[in-house]
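None of the values given here were measured: they were computed from a predicted structure. We use all heavy atoms of the structure for the numbers below, so side chains are in, but hydrogens, waters and symmetry mates are not. The sequence lines fix the lettering, A, B, ..., with proteins before strands; numbering per chain opens at 1.
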Protein chains: 2
Amino acid sequence: MRERRSLPVVGQPQPERADAARNRQKIIEVAARMVTECGADNLSLDEVAREACVGVGTVYRRFGDRTGLLLALIDERERRFQAAFLSGPPPLGPGAPARERIVAFLHALVDRILADEALFLLLEKGGTAKRFTGPYRVHHIHLATLLARACPGADAAYLADALLAPVNAHLIARQREERGMTVEQIKSGLEALAEAVTRATS
Amino acid sequence: MRERRSLPVVGQPQPERADAARNRQKIIEVAARMVTECGADNLSLDEVAREACVGVGTVYRRFGDRTGLLLALIDERERRFQAAFLSGPPPLGPGAPARERIVAFLHALVDRILADEALFLLLEKGGTAKRFTGPYRVHHIHLATLLARACPGADAAYLADALLAPVNAHLIARQREERGMTVEQIKSGLEALAEAVTRATS
DNA sequence: AGATTAATCGGAGGACTCTCCGTTTACAAC
DNA sequence: GTTGTAAACGGAGAGTCCTCCGATTAATCT
């Protein structure tokens, strides 16, 4: 047993080996292409591996499982979205009254989900574990913070879950396809909900 | 080509053949037992078929797919629940003011979901198609009717979706396990939501 | 350069869902 | 009984997800 070759830098996650990084990139590219080409629910990880010229094992080591790959595909747009509500211009970002920010956030979230609809549909099929692990947690914290400010005394954490629950790819898809609702109608439904909640407890 | 042997009785679905009925029953029994014994997420239809001494094809012809079997397992308790809110004693059944019935319904729905928690968790993983095909549709119609009475002028159909959305096995499981909420806390969160909605638009 | 070693690779294999279709069987009519 | 036929049966097989582990290789040390 010898000493470690180099001291690990705390806080800096060990950088990936060159081949690993290359493969991660290639897998993401191939998967993204296949999703836009063939629709997302037929996305087979075996096929992704084949098209990317790597073994199946490689896909799973890099991304853990199907859900992990989905989260990676969602990542880029999601970061922009998060930047927008955390530090962008009002009313989505800081600077506007909490109540307005809540409505702006819900509207933007609808658009966000529609932009990656197929991916979110797939994501929502995964087990509880990861479904609330990715973007959801961030959205929840943000909304709960705004709600705590807009309605002091209420259970902000619960209300955040309750407002987030109807903004869900499966439900929205069904409202549009089966009940013929437009995006505007959905947004104003959410707006009414948000206003009812913030008015009731202030 | 000969005439049909007997005239089909309109409205009465052709009765199942004896062997078919027997197999359906046996499959349901076996599946129910396996769920209570081994937990529900490890329920393999191959294994159900083996234990029930039928071919896999039989399971799929009887129930269509995994979700179909799940719905059949849920069915008995679900019927009792529906009878309770459609024609049972108030405040859940008819006779109480709409606003009270809404709260009573949401509370009862939480209990309903917890009673068959494992089954509902599985059910929610299925695609959009069947998830909104089974109990959901009935719950939605009922709640929308009550809402239309309690808040005339509002979009009752949308509000029903919005109130139903947070009553969802995955979310409730997470609220309890990860955030340590009690069932009572969840119920009073829902109650606050329902009151905010019905107050805002009346 | 050459050696060392831990990280990475890749694909065989197990378990699962669901489909297809040739074979068997329940039921009704005679 | 016998017979005809629509319905039901059952299991092989295709397509998936994911795991495991021996072979390979990138990065570092001398």
Task: Among C:dC9, D:dC9, D:dC18, the one nearest A:Tyr60 by side-chain distance - done: D:dC18
Task: Sidechain N-carboxylate O distance under 4.0 Å for A:Arg50, A:Asp46 - done: no
- [ ] From the options D:dT16, D:dA27, C:dC18, select the nucleotide whose nearest atom is closest to the side chain of A:Ser44.
- [x] D:dT16
- [ ] Take B:Asp19 and B:Asp46, find for each the nucleotide of DNA chain C with the closest heavy atom, and name the residue whose nucleotide sits nearer the 5' end.
- [x] B:Asp46
TODO: Let me know the distance between CG of B:Asn42 and C1' of C:dG14, rounded to the nearest Å.
DONE: 15 Å
Open item on the list: Any base atoms under 4.0 Å from A:Leu43, or only sugar-phosphate, or nothing? Heavy atoms, all strands.
Closed with: sugar-phosphate
Open item on the list: If you assign B:Arg22 and B:Gly64 each to the DNA chain C nucleotide with the nearest heavy atom, which residue ends up on the more 5' nucleotide?
Closed with: B:Gly64
Task: A:Arg179 with B:Asp161: basic N within carboxylate O range, under 4.0 Å - done: yes
TODO: Please assess A:Gln82 against A:His142 for the test side chain to side chain donor-acceptor pair (under 3.5 Å), listing each intermediate value before the final yes or no.
DONE: CA-CA 10 Å; A:Gln82 293 185 6; A:His142 178 63; over 6 Å; no
Task: Length of the CZ-P vector between B:Phe63 and C:dT17, whole Å - done: 15 Å
- [ ] Please state how far atom CZ in B:Arg17 lies from atom P in C:dA26, giving the value in whole angstrom units.
- [x] 7 Å
- [ ] Answer yes if the side chains of A:Glu184 and A:His107 hold a donor-acceptor pair under 3.5 Å, and no otherwise.
- [x] no
- [ ] Name the closest nucleotide to the B:Ala20 side chain, picking from C:dG10, D:dG10, D:dC9.
- [x] D:dC9
Open item on the list: Using the side-chain heavy atoms of B:Val56, tell me which of these nucleotides is nearest: C:dT8, D:dG11, D:dC17.
Closed with: D:dG11
- [ ] Output, in order, the C-alpha distance, side-chain angles, deciding distance and verdict of side chain to side chain contact (heavy atoms under 4.5 Å, CB included) for A:Glu78 and A:Arg112.
- [x] CA-CA 8 Å; A:Glu78 180 62 25; A:Arg112 169 78 195 93; 2.9 Å; yes
Task: Options D:dA27, C:dC27, C:dC16, nucleotide nearest the side-chain atoms of A:Ala18 - done: D:dA27
Open item on the list: Check A:Glu178 with B:Arg137, please: is the shortest side-chain N to carboxylate O separation under 4.0 Å?
Closed with: yes
TODO: Using atom CG of B:Asp65 as one end and atom P of C:dT19 as the other, report the distance to the nearest whole Å.
DONE: 8 Å
Task: side-chain N/O A:Thr58 vs C:dG10 OP1/OP2, d < 4.0 Å - done: yes
Task: Among C:dA26, C:dC9, C:dC18, the nucleotide that comes nearest once only the side chain of B:Arg66 is considered - done: C:dC18
- [ ] Would you mind reading off the distance between B:Lys125 atom NZ and D:dC17 atom P, rounded to a whole angstrom?
- [x] 14 Å
Task: Between D:dC18 (P) and A:Ile27 (CD1): distance, integer Å - done: 14 Å
Task: Which nucleotide in C:dG10, D:dA8, D:dA26 has an atom nearest any side-chain atom of A:Arg61 - done: C:dG10
- [ ] Verify the contact: side-chain N or O of B:Asn23 to OP1 or OP2 of D:dA8, cut-off strictly under 4.0 Å; return yes or no.
- [x] no
Open item on the list: OP1 or OP2 of D:dC9 versus the side-chain N and O atoms of B:Arg62: is any pair under 4.0 Å?
Closed with: yes
Task: Between D:dT16 (P) and A:Glu51 (CD): distance, integer Å - done: 12 Å
- [ ] Could you check how far CD of B:Glu47 sits from P of C:dG14, rounded to whole Å?
- [x] 17 Å
